[in-house]
Q: 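Mind having a look at this structure? Questions to follow.
Note on naming: letters A, B, ... go to the chains in the order of the sequence lines (proteins, then strands), and numbering restarts at 1 for each one.
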There are 2 protein chains.
Amino acid sequence: MATVLKSFAPPAHDHGRCIKTALVKAERACTASGKRLTPLRRRVLELIWNSHLPVKAYELLSQLAQERAQAAPPTVYRALEFLQDAGLVHRIASLNAFVGCGEPLAGHVSQFLICTRCGTVAELAEPALSAGIAASAQRLGFKVARETIEVEGLCRDCQKAERALTR
Amino acid sequence: MATVLKSFAPPAHDHGRCIKTALVKAERACTASGKRLTPLRRRVLELIWNSHLPVKAYELLSQLAQERAQAAPPTVYRALEFLQDAGLVHRIASLNAFVGCGEPLAGHVSQFLICTRCGTVAELAEPALSAGIAASAQRLGFKVARETIEVEGLCRDCQKAERALTR
DNA sequence: ACCAGTGCTGTTACACAGTAACAGTCCGAA
DNA sequence: TTCGGACTGTTACTGTGTAACAGCACTGGT
Ligand SMILES: [Zn+2]
Ligand SMILES: [Zn+2]
Ligand SMILES: [Zn+2]
Ligand SMILES: [Zn+2]
């Protein structure tokens, strides 16, 4: 049965809560796996969670630079690398951007729905899709190690908005 | 039923034939859709088809620069944009690289198997996968416009090679 | 013949994305 | 105390991609 980890965030919701729970889960995930969520890394994660939109590395850098004068590209890229390895953020290859992971404790496949109008990203976790890919691959003798699924389209709200325009 | 457009190219095969048929199909696709495959565009396509490996834009540029002294980044990026729009090449987002499309006349979904050892890329066309994605998306009210599926792993030959090493 | 518009390429100059390499700091283990 | 490892600072670079303008060829109308 298909399970959706994170659905599209409603336009107006208590996002402070999203941030808070994301940070708490991150702390837990790190202590559980013996990794260190340093102030810098924590701050970068927090910046990423400022919205449900994918964030570019250099946006993070400029925000960070307002707090830490010394911030340079390696600063943010190292933090991002750590956060990715810890499963706390995902990289969206088709956008060169990063989003926070809503379920860092669960196993992560990378399946994303990206709304091209409002920019928000939703993460899926459909074992059936992964299974289908694995099956197709196996028919070619191919052994899957990592999958990248990035689907562009329109979220429900943006479809409504589009229809309203063309009416 | 699943159909495989292009399987992994055998290590040694008549690749001149691959190039030739790719160019012929490209000509056809362009005349059919009223697009112009200019010498520059044709040459870039030919360079991409030099192998079944994904090619980086700046590799193309340096090859091109040996023939045309004036070649600059826009030269190659504009050709690539045209070729993509014409469905003659695909961009692999996770690699920042480009591969020729084996079936430019058929509709293109973007489903790729990427061998992390030998680097070759195989293109899939599994309607079942696309259907599965569309179904999952619809459950969230999401309307799919474009899908990116890039699967990394090991091709059959490279699995054999790996096993031989660890034996 | 003239002109305007369009599509293709040349050219310059950037902006954005990511990494290598080395230097300090801190801290816990031997 | 000393060593080593993890983290961050710092410099400098490579790689990826685009904006903007200029020229040029072709086409279609006048
Ligand atoms: Zn939220
Ligand atoms: Zn939207
Ligand atoms: Zn071939
Ligand atoms: Zn291989």
Side-chain angles (χ1 to χ4, degrees), chain A residues 26-27 29-31 33-48 53-86 88-99 119 148 150, chain B residues 26-27 29-31 33-48 53-86 88-99 119 148 150:
Chain A
E27 302 275 12
C30 284
T31 50
S33 59
K35 294 178 179 170
R36 295 181 47 200
L37 190 62
T38 64
L40 175 59
R41 292 165 176 173
R42 192 188 147 89
R43 181 65 184 130
V44 170
L45 181 59
E46 203 175 6
L47 287 175
I48 290 175
L53 304 177
V55 193
K56 302 240 159 191
Y58 274 63
E59 289 177 32
L60 288 172
L61 178 54
S62 67
Q63 293 179 256
L64 209 57
Q66 301 181 3
E67 314 167 359
R68 319 189 152 227
Q70 340 82 320
T75 312
V76 70
Y77 279 104
R78 285 196 282 235
L80 285 171
E81 188 185 8
F82 171 86
L83 294 171
Q84 281 181 268
D85 290 348
L88 301 174
V89 312
H90 294 292
R91 185 186 136 89
I92 312 284
S94 59
L95 300 178
N96 288 346
F98 302 82
V99 288
T148 300
E150 295 171 8
Chain B
E27 303 274 13
C30 285
T31 51
S33 58
K35 292 178 179 170
R36 296 180 48 199
L37 190 63
T38 64
L40 174 60
R41 293 166 177 174
R42 191 188 148 90
R43 182 63 184 132
V44 169
L45 181 60
E46 202 174 7
L47 287 174
I48 290 174
L53 302 178
V55 193
K56 302 241 159 193
Y58 274 65
E59 289 178 30
L60 288 172
L61 178 55
S62 69
Q63 293 179 258
L64 209 57
Q66 301 181 2
E67 313 168 357
R68 319 188 151 223
Q70 341 82 319
T75 311
V76 70
Y77 279 105
R78 285 196 281 236
L80 285 171
E81 188 186 8
F82 171 86
L83 294 170
Q84 281 181 268
D85 290 348
L88 300 173
V89 312
H90 295 291
R91 184 186 138 87
I92 313 286
S94 59
L95 300 177
N96 287 347
F98 303 82
V99 288
T148 300
E150 294 171 10

Q: Using heavy atoms and a sub-4.0 Å distance, could you list which residues of residues 54-67 of chain B are near DNA chain C? By number, please.
A: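 When residues 54-67 of chain B is checked for heavy atoms under 4.0 Å from DNA chain C, there are no hits whatsoever.
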Q: If the condition is side-chain contact (heavy atoms from CB on, under 4.5 Å), which residues does T31(A) pass it with, not counting sequence neighbours?
A: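 So T31(A) forms no side-chain contact (heavy atoms from CB on, under 4.5 Å) with any residue.
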Q: Is there side-chain contact between L88(B) and C30(B), with at least one heavy-atom pair below 4.5 Å?
A: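 Side-chain contact under 4.5 Å: yes.
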Q: If you find the nucleotide of DNA chain D closest to A97(B) and the one closest to F82(A), which residue's nucleotide is nearer the 5' end?
A: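 Nearer the 5' end of the strand: F82(A).
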Q: Sequence neighbours excluded, which residues qualify as side chain to side chain donor-acceptor pair (under 3.5 Å) partners of R43(B)?
A: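 With sequence neighbours excluded, R43(B) shows a side chain to side chain donor-acceptor pair (under 3.5 Å) to E46(B), E67(B), given in chain and number order.
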Q: Between dT16(D) atom P and R78(B) atom CZ, what is the distance in whole Å?
A: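 Between P of dT16(D) and CZ of R78(B): 19 Å.
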Q: Just how large is the angle between the end axes of the helix from dA1(C)-dT30(D) to dA30(C)-dT1(D), five pairs per end, to 10 degrees?
A: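 Here the local axes at opposite ends form an angle of 10°.
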Q: Could you pull out the closest heavy-atom pair between G119(B) and L53(B), with the gap in Å?
A: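 G119(B) and L53(B) have their closest heavy atoms at C-CD2, 3.5 Å.
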Q: Can you give each donor-acceptor pair under 3.5 Å made by side-chain atoms of residues 55-64 of chain B, sequence neighbours left out, with the distance rounded to 0.1 Å?
A:
residue: K56(B); atom: NZ; partner: L95(B); partner atom: O; Å: 3.0
residue: S62(B); atom: OG; partner: E59(B); partner atom: O; Å: 3.0

Q: Could you please spell out the steps behind the side chain to side chain contact (heavy atoms under 4.5 Å, CB included) verdict for V99(B) and R91(B)?
A: CA-CA 7 Å; V99(B) 288; R91(B) 184 186 138 87; over 6 Å; no
Q: Do the side-chain N or O atoms of N96(A) get closer than 4.0 angstrom to the phosphate oxygens (OP1, OP2) of dT16(D)?
A: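 It does not, given that no N or O in the side chain of N96(A) lies less than 4.0 Å from OP1 or OP2 of dT16(D).
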Q: Can you give each donor-acceptor pair under 3.5 Å made by side-chain atoms of residues 71-86 of chain B, sequence neighbours left out, with the distance rounded to 0.1 Å?
A:
residue: T75(B); atom: OG1; partner: A72(B); partner atom: N; Å: 3.0
residue: T75(B); atom: OG1; partner: A72(B); partner atom: O; Å: 3.1

Q: Roughly how far apart are T148(B) OG1 and I92(A) CD1, rounded to 0.5 Å?
A: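 Reported to 0.5 Å precision, the distance equals 10.5 Å.
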Q: Report the residues that fulfil salt bridge (Lys or Arg N to Asp or Glu O under 4.0 Å) with R42(B), sequence neighbours left out, ordered by chain and then residue number.
A: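 If we apply the salt bridge (Lys or Arg N to Asp or Glu O under 4.0 Å) test to R42(B), skipping adjacent residues, the hits are E27(B).
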Q: For S94(A) versus A93(B), what's the shortest heavy-atom pair and its separation?
A: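 Nearest pair, atom of S94(A) first, then A93(B): CA-CB, 3.9 Å.
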Q: Can you sort out the partners of R41(A) under side chain to side chain donor-acceptor pair (under 3.5 Å), two or more places apart, ordered by chain and number?
A: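 Not a single residue meets the side chain to side chain donor-acceptor pair (under 3.5 Å) criterion with R41(A).
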Q: Of all nucleotides in DNA chain C with an atom under 4.0 Å from a non-hydrogen atom of chain B, which is the first and which the last going 5' to 3'?
A: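 Listed 5' to 3', the contact boundaries are dC8(C) to dT12(C).
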Q: With a 4.0 Å heavy-atom cut-off, tell me which residues in residues 34-41 of chain A come close to DNA chain D, sorted by residue number.
A: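 Those residues whose heavy atoms fall under 4.0 Å from DNA chain D, taken from residues 34-41 of chain A in numerical order, are R36(A), T38(A), L40(A), R41(A).
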Q: Among residues 70-77 of chain B, which residues get a heavy atom nearer than 4.0 Å to DNA chain C?
A: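 Only Q70(B), A72(B), P74(B), T75(B) qualify.
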